[in-house]
There are 4 protein chains.
Amino acid sequence: MHVQGAHPVADLGAGPCDRPLRADARKNRALLLEAAEEVFAERGLSVPVDEVARRACLGVGTLYRHFPTKEALFVAVVAARIERLRDESRCLIDSDDPGAAFFAFAERLADEVRAKHDLADALAEVGIDYKAELGGLVDEMHRNVQALISRAQAAGAIRDDLSAQELFGLIVGSCMAAEHQGLGTEAQRRMLHVVFDGVRRHDS
Amino acid sequence: MHVQGAHPVADLGAGPCDRPLRADARKNRALLLEAAEEVFAERGLSVPVDEVARRACLGVGTLYRHFPTKEALFVAVVAARIERLRDESRCLIDSDDPGAAFFAFAERLADEVRAKHDLADALAEVGIDYKAELGGLVDEMHRNVQALISRAQAAGAIRDDLSAQELFGLIVGSCMAAEHQGLGTEAQRRMLHVVFDGVRRHDS
Amino acid sequence: MHVQGAHPVADLGAGPCDRPLRADARKNRALLLEAAEEVFAERGLSVPVDEVARRACLGVGTLYRHFPTKEALFVAVVAARIERLRDESRCLIDSDDPGAAFFAFAERLADEVRAKHDLADALAEVGIDYKAELGGLVDEMHRNVQALISRAQAAGAIRDDLSAQELFGLIVGSCMAAEHQGLGTEAQRRMLHVVFDGVRRHDS
Amino acid sequence: MHVQGAHPVADLGAGPCDRPLRADARKNRALLLEAAEEVFAERGLSVPVDEVARRACLGVGTLYRHFPTKEALFVAVVAARIERLRDESRCLIDSDDPGAAFFAFAERLADEVRAKHDLADALAEVGIDYKAELGGLVDEMHRNVQALISRAQAAGAIRDDLSAQELFGLIVGSCMAAEHQGLGTEAQRRMLHVVFDGVRRHDS
DNA sequence: GATGAATGAGACTTCATTCAT
DNA sequence: AATGAATGAAGTCTCATTCAT
C-alpha cells in the first residue's frame with residue numbers, strides 16, 4: 001500500500017530526527033496511530049486521549065512522547081490517510097483510460113471515507129485549519145487528483161467545470177452524510193452514482 | 001415527561017398549545033431557541049450551555065427549566081428547523097410544475113444548511129440518534145419530500161431511483177463539506193449543480 | 001483593619017460587576033481567599049488548587065468561578081495583603097514622629113512577612129510580573145512608603161540614599177531568609193536590627 | 001548509601017577519591033553538575049530533569065545513574081557551591097586585616113548569590129531540609145565564617161551580636177529579594193551597603 | 001418562575017522515575 | 001555504562017447539571 005520507501009507515516013509531526021526511531025518506538029508509534037484511527041473512527045474526535053492509549057496498550061505518557069498534543073495525533077492520523085490517497089492517485093495518473101482512472105479513484109476515495117467518519121471531518125477541515133500543518137501533502141494529493149480530472153476531462157469523460165476540491169466535497173460530503181444517516185450500503189451506492197452521473201459529461 | 005399530544009418539542013409558537021405557557025415563559029423559550037440556533041451555528045455543538053444562556057440574556061437555570069438537557073435544547077433547535085422545512089415542502093407539493101417544485105425545495109434545503117453547520121450535523125445525525133425524539137416530525141417532512149420526488153419523477157423531471165433520504169444526504173453532505181472546506185459561494189453552487197445534474201433524468 | 005468602606009478585597013480580579021456579589025458568593029470568596037492565604041503560607045505556591053478548595057470546604061469549580069486561574073487566586077491573596085500594608089502606611093504618614101513612624105511601619109512589614117513566606121515570594125515577584133496585574137495598588141503603597149521615608153529622612157532619622165524598593169528588599173529578604181533557615185525569633189530580631197542600624201543615619 | 005569518608009556528595013573532582021569513577025563517568029558527572037547549575041540558575045528549581053540532561057548532552061538515564069533523585073542532583077549542586085565558599089572563607093581566615101577579610105567574604109557571598117537564584121533558595125533551605133544531607137559541609141563553612149566574624153569582631157570592625165547564620169540570612173535575603181524585584185545593580189549595591197553599615201560597629 | 005453560584009467528574013497535559021535496548 | 005522510550009500519578013482547568021436565594 002505504501003508505494004515508496006522508508007517510514008512514510010513517521011515523516012509528519014515527528015520533527016526532524018537525525019537517527020530513525022528505535023525499533024520499539026517505531027512499533028509503538030504505529031500502534032498508537034492505528035489505535036487512534038480506530039478509536040476516532042468509532043467514537044469521533046471527542047474520545048479522550050486515554051482511550052487511544054488504552055487501545056494501544058500503552059501509557060498516555062507514551063502517546064504524548066510521540067504526539068505532543070491531541071491535535072497533533074489527529075493530524076498524524078489524517079496525514080497517514082492522505083498519504084495513502086496521494087500515492088494511489090499518483091499510480092492512476094498514467095492509466096490508459098483516464099475516465100476509468102478518475103472513477104476508480106473516486107470510488108477509492110469513497111471507500112476510504114465510508115465507515116471512517118473522522119477522515120470526513122478531517123478532510124473537510126483540512127481545507128480550513130490543517131492546511132498549514134499538513135504542508136505540501138494535501139497539495140500533492142490535490143495536484144495528482146487535478147491531473148486525473150484534467151486527463152478525464154480531455155478524454156471527454158467528465159464535465160469541464162469540476163475542480164479537485166469540488167470532487168472531494170461531493171464525495172466526502174455524500175459519504176459522510178450517508179453514514180451519519182445510517183443509510184445502508186445500497187443507498188450509499190445510489191447516492192454515489194447520482195454524484196457520478198452529475199460529474200459525467202452531459203450534452204444538455 | 002411529554003404531557004400532551006402531537007410533537008411537544010416543536011411548539012414554540014407555531015401551533016396552538018393545549019395548555020399554553022405563561023406569556024413570559026413562552027417568550028423566554030423562544031429567546032433561548034433563537035440564541036441556541038445562533039450560537040450553535042457560529043461555534044458548533046461544543047459551546048457551553050452558559051454561552052447560550054448569556055446570549056439569550058437569561059440564567060442557565062432558566063435554560064434548564066425549559067430544556068432538561070443540553071441535548072434536549074439541541075433537539076429543539078433541530079426540530080424548529082425541520083418544522084420550517086416540513087411546512088415549506090408541504091406548500092410545494094401542489095405546485096403545477098413538479099420538477100421546478102422539487103428543485104426549489106432542494107435549493108431551499110441547501111440554503112438552510114449553508115452557513116448553519118450544526119443543522120448539517122443535526123440533520124445528518126437525525127437519522128441515527130434523534131429519530132425517536134423528533135417523533136413524527138422528520139417522518140412528516142420526509143413524506144412531503146417523498147411526494148415532491150414522486151411527482152417530479154412522474155413528470156419525468158428526475159431520475160427514478162432516488163429516495164428522500166438520499167436527496168437529503170446529497171444536499172446536506174455537499175453543503176456541509178463545501179462549507180468546511182471554506183469553498184466560496186461559486187464553488188458551492190457548482191457542487192450543488194453537479195448534484196442536480198446527477199439527479200435529473202438521464203437517458204444513459 | 002480595613003480603613004475605608006465596602007469590600008476592599010473584592011475589587012481586584014473580580015472584574016467590573018454591576019451588582020455586588022450575592023451574600024453567599026461573597027462569603028465563599030472570602031473563605032477561599034482565607035484558605036488560600038493559609039495554605040500558601042503553609043506549603044508554598046506549589047500546593048494544588050484542590051487543596052485550597054478543600055480547605056475552604058468548597059468545590060474546585062467554585063474556586064475557579066471566583067478566580068479564573070491559580071495565578072489569579074494568588075494575585076488576589078497578595079493584593080489583599082498589599083491593601084493592608086497600603087492602608088497602614090497611609091495611617092502613619094501624618095505621624096508627629098516621622099522616624100518612629102518609619103520604623104513602626106518597617107516592623108509591621110516584617111511582622112506581615114514573618115511566617116507568611118508566600119507574601120515574601122509575592123512581594124518579591126510583584127516587582128517583576130505582577131506589577132501590571134496589581135495595577136496601582138503597589139504604586140499606592142510604594143508612594144505611601146516613600147512618603148514615610150522622605151519624612152523620616154527630612155527629620156534626619158534615616159540615611160538619605162534609601163528608596164521604598166530597597167527597604168522592601170531588605171526587610172522582605174531578611175525575614176524570608178531568616179524563616180527559611182529556621183532561625184528563632186531572637187535571631188530574626190537581631191537580623192532586623194542590623195538592617196535598622198544600617199538604615200539609620202550614620203555620620204561616617 | 002554513603003560508603004566512604006567525609007563529604008561524599010561533594011567530591012566532583014576537588015579532592016582525591018578513594019575509589020575513583022571511571023574517567024568518562026567522572027566527566028559526565030561534572031557535565032551534569034555544570035548543566036544543572038546553569039539550568040537551575042536560569043529557570044529555577046522547577047525545570048524538568050530532562051532539561052538538565054539535554055543541556056549536558058546526556059540521557060536522563062545517565063543523570064539518574066549519578067544522582068538517584070532530582071533532589072539529590074540539586075543537593076549536589078548546592079554542595080559544590082558551598083564547597084567553594086568554604087574554601088574561600090578558609091583562605092581568608094588568616095588575613096592580616098580581619099575587617100577587610102570579613103567584608104571581602106561578604107561581597108564574595110553576595111556575588112555568588114546574585115543572578116543565581118537557586119543558590120539563594122538552596123542556601124536558604126539548607127538550614128531546614130538539607131542540613132542532614134550536606135553533612136558537615138555547611139558546618140565547616142559556618143565554622144570558617146564564624147572565625148572570620150570573630151576575628152573581625154575582635155578587631156572592632158563589626159558589631160558584636162552577629163552570628164554566621166544571621167550574616168548569611170542578611171546577605172542571601174537581600175540579594176535574593178533584590179533580584180526578584182528586578183532591581184538594578186546599583187540598587188543592589190545600595191542594599192548591600194545598608195546591610196554592611198548595619199553590620200559595622202556603631203557607637204550608638 | 002428566574003437567577004447564577006456551587007458542584008465534581010473528567011479532559012488534557014507534564015514530569016520524576018524506571019527499564020528495555 | 002549509556003541511552004531515551006515508557007510509565008502513570010498528579011496538576012490545572014472546563015462544563016453539564018443541581019440547588020439555594
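Values below: every heavy atom of this structure, side chains too, minus hydrogens, waters and symmetry copies. First the proteins, then the strands, lettered A, B, ... as listed; each starts at 1.
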Of the nucleotides F/dA6, E/dT13, E/dT3, which one has an atom closest to the side chain of A/Ala25? F/dA6
Atom-to-atom span, CG of B/Leu73 to C1' of F/dT17 - whole angstrom: 14 Å
Applying a 3.5 Å limit to both distances, which nucleotide forms a Watson-Crick or G-U wobble pair with F/dA16? E/dT7
Grab the CG-P distance between D/Asp24 and F/dT3 for me, whole Å please. 10 Å
E/dA2 phosphate, OP1 or OP2, under 4.0 Å from B/Asn28 side-chain N/O: yes
Atom-pair distance (CZ on D/Arg26; P on F/dA2), nearest Å: 14 Å
Atom-to-atom span, CZ of C/Arg43 to P of F/dG11 - whole angstrom: 9 Å
Phosphate contact (E/dA6 OP1 or OP2) by C/His66 side-chain N/O below 4.0 Å: yes
Using a cut-off of 4.0 Å on non-hydrogen atoms, how would the nucleic acid contact of C/Val52 be classed: base, sugar-phosphate, or nothing? nothing
Under a 3.5 Å cut-off for both contacts, is F/dT21 paired Watson-Crick or G-U wobble with anything, and if yes, with which nucleotide? E/dA2
Euclidean distance, C/Lys70 NZ relative to C/Leu63 CG, rounded to 0.5 Å: 10.5 Å
Is the phosphate of F/dA5 approached by A/Thr62 (side-chain N or O, under 4.0 Å from OP1 or OP2)? no
How long is the line joining CD of A/Glu51 and P of E/dG10, in whole Å? 13 Å
Regarding B/Val60, tell me which of base, sugar-phosphate or nothing describes its non-hydrogen contacts under 4.0 Å with the strands shown. base
Roughly how many Å is it from CG in A/Leu58 to C1' in F/dA9, rounded to a whole number? 17 Å
Choose from F/dT17, E/dA16, F/dT3 the nucleotide whose nearest atom is closest to any side-chain atom of B/Thr69. F/dT17
Given the options C/Val75, C/Val49, C/Leu33, C/Phe67 meets side-chain contact (heavy atoms from CB on, under 4.5 Å) only with C/Leu33
Rounded to the Å, how far apart are C/Leu31 CG and E/dT7 P? 10 Å
Find the distance between CD (A/Glu42) and CZ (A/Arg55) and round it off to the nearest 0.5 Å. 4.5 Å
I want to confirm an ordering. Mapping A/Leu63 and C/Tyr64 to their closest nucleotides on DNA chain F, which one lands closer to the 5' end? A/Leu63
Rounded to whole angstrom units, what separation is found between the CZ atom of A/Arg54 and the C1' atom of F/dA6? 17 Å
Any chance you could measure B/Arg65, atom CZ, to B/Leu32, atom CG, to the nearest 0.5 Å? 12.5 Å
Please tell me which of B/Ser46 and A/Arg65 maps to the more 5' nucleotide of DNA chain F, matching each residue to the nucleotide holding its nearest heavy atom. A/Arg65
Output the distance between atom CG (A/Leu31) and atom CZ (A/Arg29), rounded to the nearest 0.5 Å. 12.0 Å
